[in-house]
Protein chains: 2
Amino acid sequence: MFTAEHAIRRYRETRRKITPQRIAVFRALEGNTSHPSAEDLFESVARSVPGISRATVYNTLETLRELGEVREYHFQADFRQFDPNTAPHHHCLCTDCGRVHDVHGGDFGTVRLPAGRLPFRADSFSVTFYGHCDRCGGAKSSRRGRVAAHSHSSHM
Amino acid sequence: MFTAEHAIRRYRETRRKITPQRIAVFRALEGNTSHPSAEDLFESVARSVPGISRATVYNTLETLRELGEVREYHFQADFRQFDPNTAPHHHCLCTDCGRVHDVHGGDFGTVRLPAGRLPFRADSFSVTFYGHCDRCGGAKSSRRGRVAAHSHSSHM
DNA sequence: GACTAATTTATAATAGTTCTAGATTAATGG
DNA sequence: CCATTAATCTAGAACTATTATAAATTAGTC
Ligand SMILES: [Mn+2]
Ligand SMILES: [Mn+2]
Ligand SMILES: [Zn+2]
Ligand SMILES: [Zn+2]
């Protein structure tokens, strides 16, 4: 689990300096399940560290990614999103508002490459569901909360 | 299945004009399993239609996407990729060279949202495997062709 | 073949990200 | 503490994919 303390330890281990700017980015990521973009994090961090540069936020995110402390996703075309939760989990992307929810805790079925001779060695995978979130449920399904409980399966 | 003829039919149906530029883009997409970017398609099409503008390629792709004739993916951060195969299928993204392979024809398991009360209505989903392709197999696994036959499963 | 709205083109604008050079500072050790 | 110095930070320029604009061209229609 990502914590500012853990990130600081990793930075020390790898002979990197601990700066107020970096700590602020770590804190902004701690427990953050919103899959923020670099700009999101910049805006959030700039409140506690006025004058921080975007470059610093970008650089810190890149380092954390190299260290394997955050994972980068490309849910949308226009910006990258970061997730301090590096454990494998699925995501739901609302195609209306762009919000991304984690999926965890249930029976999600299995995902595997066919045992056949596919010319590829897979290290990991990611599953993204596209649809509509709670708040965007849509005009026709204004009966919130029920609509949500939807199951989706496939056997491609 | 996407064909230039089918795209032309759809363009006629929706009162859009058939131009040499558009036909060239249709042809470039026909049977294309490389998941090309707009720039890839521009370069390819520019050979047969010198002077074509990038804007035309972008506009045509956008229209095809609206018509549901191609699907747009965000495998990488820096550009969008298009797939004329709109049937649901999985993908393998080589994290070395960026090539994307389709996955189809075997037993891939099932994917579903937990039947519980997840506040989300899913319309579709996409599965992406990350790893190393045939050609990029890596130094340690130069024994190509065997490495490939790898199976990956999960029950998160 | 003429008409006209749709399309195309070249180019400017935009947005996210990366690069750069000079100013600042964390870490080290006397 | 203070001095040293390599690492870091900042502001802003540069870069890249994409979108917007406006004027020129053309597909479709009669
Ligand atoms: Mn997540
Ligand atoms: Mn595909
Ligand atoms: Zn939403
Ligand atoms: Zn490869």
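Proteins get letters first, then strands, A, B, ... in listed order; numbering begins at 1 in each.
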Subject >> N or O in side chain of B:Tyr58 less than 4.0 angstrom from D:dT18 OP1/OP2 >> reply: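 Affirmative; the distance criterion is met.
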Check the distance between [N]'s [atom2] and [X]'s [atom1] and give it to me in whole angstrom.
X: A:Asp78; N: D:dA17; atom1: CG; atom2: P; answer: 14 Å
X: A:Phe79; N: D:dT16; atom1: CZ; atom2: C1'; answer: 18 Å
X: A:Tyr11; N: D:dC9; atom1: OH; atom2: C1'; answer: 13 Å

**OP:** Specify the closest pair of heavy atoms between A:Cys133 and A:Cys94, including all atoms of both residues, with the distance to one decimal.
**Re:**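 In this case the closest contact between A:Cys133 and A:Cys94 is N-SG, 3.3 Å.
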Original post:
Is any side-chain N of the basic residue among B:Arg80 and A:Asp78 closer than 4.0 Å to the acidic one's carboxylate O?
Top reply: yes
Original post:
Quick one: on DNA chain D, does B:Phe82 or B:Ile18 contact a more 5' nucleotide (nearest heavy atom)?
Top reply: B:Phe82
Subject >> Pairwise 5' ranking along DNA chain D for B:Gln81 and B:Lys17, keeping only the more 5' one >> reply: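 First, find each residue's nearest nucleotide; the 5'-ward one identifies B:Gln81.
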Compare the minimum distances between each of [options] and the side chain of [X], then state the nucleotide with the smallest one.
X: B:Arg80; options: C:dT18, D:dT19, C:dA6; answer: D:dT19
X: A:Ala55; options: D:dA11, D:dA6, D:dT19; answer: D:dA11
X: A:Thr19; options: C:dT7, C:dA26, C:dT18; answer: C:dA26
X: B:Arg22; options: C:dT17, C:dA26, C:dT7; answer: C:dT7
X: B:Thr56; options: D:dT8, D:dG28, C:dT9; answer: C:dT9

Subject >> Neighbour count >12 (heavy atoms, 6.0 Å) for atom CZ, B:Arg10 >> reply: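 Enclosed.
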Subject >> A:Arg16 atom CZ, neighbour heavy-atom count above 12 within 6.0 Å >> reply: yes
Original post:
Quick one: does B:Arg22's side chain have a donor or acceptor within less than 3.5 Å of a partner on B:Lys17's backbone?
Top reply: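 A pair under 3.5 Å: yes.
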Original post:
Distance-only, no hydrogens or angles: does the B:His74 side chain make a donor-acceptor pair with backbone N or O of A:Phe75 under 3.5 Å?
Top reply: yes
Original post:
Which residues within residues 35-49 of chain A lie with some heavy atom under 4.0 Å of an atom in DNA chain D?
Top reply: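 Correct list: empty, so none.
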Original post:
Between A:His89 and A:His35, how do the two ring planes meet: parallel, tilted or perpendicular, split at 30° and 60°?
Top reply: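 Rings of A:His89 and A:His35: tilted, 30 to 60°.
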